Amino acid sequence: MAGRRQRLHFRSILCAVDFSVHSRHALQYAASFAKRFRGRVTVLFVNDPLLLAAARQAYGDERQFVEQSRVELARFARHAVRGSEQTTSIVAVGSPASQIHATAKRLRSDLIVIGTQGLSGVQKLVFGSTTEQVLRRTTIPVLAVPPQTTRRSRSHRPLTVDAIIVPIDLAGEWASDAARGAVIAQMFNVPIRLVHVLRPVQTPAWIRRIGVPTERQRIAKATRALEHLTRQLGASVRASYSVVLGDPAHEIAQLTQRGSPLLVMSLRGTGGIWGRRGAIAYHVLTHSATPVLGLPRRQLGGPLATRLRRAINETLIARDRIEMAGIDALFSAGAGETRLKR
């Protein structure tokens, strides 16, 4: 697992802003990550084509408007973070989500930082929609800063991260989720907490007689799995774990209410029972009081493996069947065997 930790780095960071107070706070988080990972921040502002059309009508040429946007963007970055001379400013025109992805691809960015809400009214809704589109389409990590953190920023205290929280899905490839969370924890020199949320299962009495695991048994198995995973992280990582019963999005968001944690979670890349990419992470964001670092999962094994994985997912009706089989496989096949076999 130590080898996998070394692959995660954030050297080229793209931060999308809209000149709002909230996006200034997102830029401060981008600068904080750049400092921790010895990276560089590129600040992006996307002009609406309608604004350019209005500028063309007012001035006869939109070039003056674009140049003014660059000046204001540089001033915005300078007021938001110290050492803004280490940032680069880019002004683009078009759809915000498309321009964010295009710019990230062109710059070979390792991380996208974006606020989940911007200005008030219609613009607020548009910017929130942009974040959702970015989360669904991204192929690189996204740090999404929710509006609740804006209240914290009014004290003008330095941004701090006092813990890393990693939701662990025991039906998937959980080892990589924990390993990448451990990288972030070590960079910020804070403890990491692995959390698994079990959905309550309403089981009729006649079904219980066929040997369906009880909630106590499910919790015990999940606890053993997290305990095993925590040991794999190594003695150098200050790790703890917990198993919670309830709705995953709600329970995960509740964990962010105390202190200043950073939530690190995987973005789903497949359809079927998991839903669209980023859907779970975005739902957590709407209730979270802390930023969420969404890490896309790599699709390993080529097109054939991807199709097979999708076909298997679509045939699985009950999530708990996968969960229990996955944990059983971990202990029966040893630490090196974590994939489900059907």
Side-chain angles (χ1 to χ4, degrees), residues 1-13 29-41 110-111 113 140-144 158-197 219-244 251-252 255-267 281 284 288 290-298 300 326-327 329-331 333-339:
M1 190 171 289
R4 272 178 292 186
R5 291 183 204 164
Q6 299 174 359
R7 300 178 186 178
L8 190 62
H9 57 84
F10 301 129
R11 301 293 176 81
S12 176
I13 301 174
Y29 267 96
S32 178
F33 266 70
K35 181 179 180 180
R36 294 286 180 176
F37 287 87
R38 299 179 181 178
R40 185 178 180 86
V41 178
D110 304 308
L111 174 68
V113 181
I140 65 174
V142 175
L143 177 64
L159 295 176
T160 59
V161 174
D162 57 18
I164 302 298
I165 298 176
V166 182
I168 297 296
D169 176 15
L170 294 176
E173 299 176 2
W174 60 83
S176 62
D177 294 351
R180 293 190 293 180
V183 174
I184 307 298
Q186 289 186 313
M187 292 304 297
F188 282 93
N189 191 28
V190 295
I192 180 175
R193 182 180 179 185
L194 308 181
V195 180
H196 177 62
V197 183
I219 292 174
K221 282 197 172 185
T223 299
R224 291 198 298 270
L226 291 186
E227 181 182 9
H228 176 81
L229 184 55
T230 301
R231 289 198 301 267
Q232 282 190 314
L233 294 178
S236 62
V237 180
R238 291 178 288 162
S240 62
Y241 58 88
S242 59
V243 178
V244 183
E251 297 298 335
I252 292 170
L255 294 173
T256 67
Q257 301 298 320
R258 296 182 180 180
S260 301
L262 173 67
L263 192 62
V264 179
M265 60 188 301
S266 290
L267 302 177
V284 170
S288 175
T290 191
V292 176
L293 177 61
L295 303 175
R297 282 181 173 169
R298 297 175 181 175
L300 303 178
I327 299 173
L330 173 66
F331 293 103
E337 189 74 17
T338 59
R339 292 187 177 179

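Being a predicted model, the structure only gives us computed values, none of them experimental.
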How about [X] and [Y]: do any of their side-chain heavy atoms sit closer than 4.5 Å?
X: P261; Y: D162; value: yes
X: R180; Y: D177; value: yes
X: Q186; Y: V237; value: yes
X: P141; Y: P296; value: yes
X: L255; Y: V195; value: yes
X: L194; Y: L233; value: yes
X: V292; Y: L143; value: no
X: L293; Y: V142; value: no

Under 3.5 Å, is there a donor-acceptor pair between the side chain of [X] and the main chain of [Y]?
X: R193; Y: S242; answer: no
X: R38; Y: F10; answer: no
X: H196; Y: I168; answer: yes

Quick one: closest heavy-atom pair of [X] and [Y], and the distance?
X: A182; Y: I192; value: N-CD1, 3.6 Å
X: A175; Y: L229; value: CA-CD1, 4.0 Å
X: A239; Y: T230; value: CB-CG2, 3.6 Å
X: E251; Y: V244; value: OE1-CG1, 3.4 Å

[X]: which residues meet the side-chain contact (heavy atoms from CB on, under 4.5 Å) condition with it, sequence neighbours left out?
X: R36; result: F188
X: I140; result: A104, S109, I112, T138
X: A34; result: I13, V41

Spatial distance of atom [atom1] ([X]) from atom [atom2] ([Y]) [nearest 0.5 Å]:
X: F33; Y: L111; atom1: CZ; atom2: CG; answer: 6.5 Å
X: L262; Y: I164; atom1: CG; atom2: CD1; answer: 4.5 Å
X: R224; Y: H228; atom1: CZ; atom2: NE2; answer: 12.5 Å

The criterion is side-chain hydrogen bond (donor to acceptor under 3.5 Å, both in side chains); which residues satisfy it with T223, sequence neighbours excluded?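 In terms of side-chain hydrogen bond (donor to acceptor under 3.5 Å, both in side chains), with neighbours along the sequence ignored, T223 is linked to no residue.
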Y241: ring-ring contact (aromatic ring centres under 6.0 Å, His included) partners, not counting sequence neighbours: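 For Y241, no residue satisfies ring-ring contact (aromatic ring centres under 6.0 Å, His included) once neighbours in sequence are set aside.
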Might you work through the side chain to side chain contact (heavy atoms under 4.5 Å, CB included) test for M265 and V166, ending with a clear yes or no? CA-CA 6 Å; M265 60 188 301; V166 182; over 6 Å; no
Within the 3.5 Å criterion, strictly below it, is a donor on D110 or S12 matched to an acceptor on the partner's side chain?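 Judged by distance alone, the side chains do not pair up.
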